[in-house]
Amino acid sequence: MKHARVQAGFIQQQLADQIGVTRQTISLIEKGSYNPTLRLCLEICYAVNQSLDELFWIDKEE
Amino acid sequence: MRPIRDERLIIQNLRNIRLAFGVQSAGIGIILLYTLIRYGLEEMIAQPVWIVFMLTAITLGYTNLRISVDMDRPSNPRKPGSYYYNILMSAASGLIVGGLVWFSHPQEPLRDALIIGGVVFVCLLIPSFVVSYWRHKKAQDEQNEE
């Protein structure tokens, strides 16, 4: 997600302001320490112009 | 103070409220236990915190009814019963309990038996109505899904 954010030209605070959360939440999502709801995932996707699949998909561990 | 919009902070706030609720309940429990040991049952029930404790328990119980209905997975799912069935069962229970009180304490006025029967009726009617309502809603959702 960090890569997509940087590519879209956002710093954490700008992305946070755009989707109405705090910067800490963005930071925790990027670190993998917070599991966002689908609604927030979609908001992030809309903001950085990426699909859910590209941004959040993780292959199932065997 | 601005309203919290961040979902993570909303969840954190709910966790904090849960913790505070636990601390508050423990405090009330300790006060009631102390009163019970020191002054007896009558004095404990007379305490205002007893009413707070009971109201909290009732609120929690009622709000958890929906969770119970959602968790409920009957082995043979069928259409939930009619609301009239709840009224009938509650009225029958109220009449039985009221009648038992009247027969077991014939020296007491009939009013006492009526009050006890009425309380049983209302206390059974409201939760059974709530459960029925959620069951109907659940059945409707399942029907719409099919």
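Residue numbering restarts at 1 for every chain, and letters A, B, ... go by the order of the sequence lines.
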If you count every heavy atom of other residues, nucleotides or ligands that lies below 6.0 Å from B:Y85 atom OH, does the total exceed 12? no
Pairwise side-chain contact, A:T25 with B:E7, heavy-atom cut-off 4.5 Å (strictly under): no
With clusters defined by side-chain heavy atoms of hydrophobic residues (ILVMFWY) lying less than 4.5 Å apart, directly or transitively, does B:Y62 cluster with B:I51? no
Following the transitive rule for hydrophobic clusters with a side-chain heavy-atom cut-off under 4.5 Å over Ile, Leu, Val, Met, Phe, Trp and Tyr, establish whether B:L41 and B:I31 coincide in one cluster. yes
Given heavy-atom pairs under 4.5 angstrom as the criterion, report whether the side chain, backbone, both or neither of A:I29 touches chain B. neither
Of the listed A:N35, A:L40, A:I19, the one with the largest count of heavy-atom pairs under 4.5 Å with chain B is A:L40
Using non-hydrogen atoms only, which part of B:I11 is less than 4.5 Å away from chain A: side chain, backbone, both, or neither? side chain
Take a 6.0 Å sphere around CZ of B:F53 and say whether it holds more than 12 heavy atoms from other residues, nucleotides or ligands. no
